[in-house]
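Scroll down for the structure; my scribbles are underneath it.
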Amino acid sequence: MSQNEARYTVRSLLITALVAIIGTVVVLELNGNIRHSDNKDHVPVGDFKAIHVTPGETFRMSQKASELHAACENGYLAIAADTDPSFRGVLVDYKNRGVRCYRPSPTAPSAVPQPEAPQQESGYE
C-alpha cells in the first residue's frame, strides 16, 4: 500500500461526519435558525388512512385503542387527543378539504344564512 491510500480509517470518517452534523445542528439552534412552533394550530394531530369495508369481508385492525377520539365540530369531523382536550384538529383530505360529519340533503334549504329583510317602521309607538 502507498502512503496516500491508508490515511483515514472508516471509523474516523464516521466519527467526523457525526460530529459535523451535531455541530451544525447546535450552531443553527444557537443562532435561532431552527424555528420551533409553540402554536398548536399548525401542528398535525395525526396521520390517518381509511379502510374500505365491504359486507362479508374481514379486515385487520389493532386491538389496542387509539388515544384519539372524534367529534363533530360545526359540521366537520374533528379529531381530539384523549390526554390533552385542547389538542384538536379538523380532519381534511389530501386537498386540505374538511371531512363532513353528515351528508347534506340535496333538497334541504341552503346552509348559508340569508340576510334578513329590513324592518319597516310603523307609525305606531
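Below, each value reflects all heavy atoms present in this structure, side chains not excepted, and no hydrogens, waters or symmetry copies.
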Contact between F59 and V53 at the side-chain level, heavy atoms closer than 4.5 Å - yes or no?
yes
Is any side-chain heavy atom of R97 closer than 4.5 Å to one of V92?
no
Under the 3.5 angstrom rule, does the side chain of S12 hit a backbone N or O of Y8 as a donor-acceptor pair?
no
Look only at the side chain of N31 and the backbone of N33, and say whether a donor-acceptor pair between them is shorter than 3.5 Å.
no
Measuring from I51:CD1 to E57:CD, what's the distance to the nearest 0.5 Å?
11.0 Å
First locate atom OG1 of T9, then atom CG of L14, and finally report the distance between them rounded to the nearest 0.5 Å.
8.5 Å
I'd like a table of donor-acceptor pairs (distance under 3.5 Å, sequence neighbours excluded) in which one partner is a side-chain atom from residues 65-75, with atom names and distances.
residue: S66; atom: OG; partner: L68; partner atom: N; Å: 3.1
residue: H69; atom: ND1; partner: A80; partner atom: O; Å: 3.4
residue: H69; atom: ND1; partner: D82; partner atom: OD1; Å: 2.6
residue: E73; atom: OE2; partner: R88; partner atom: NH1; Å: 2.5

For R11, does the CZ atom sit with more than 12 other heavy atoms under 6.0 Å from it, leaving out its own atoms?
no
Going by side chain to side chain contact (heavy atoms under 4.5 Å, CB included), name the residues that satisfy it together with I22, two or more places apart in sequence or in a different chain.
L18, V26
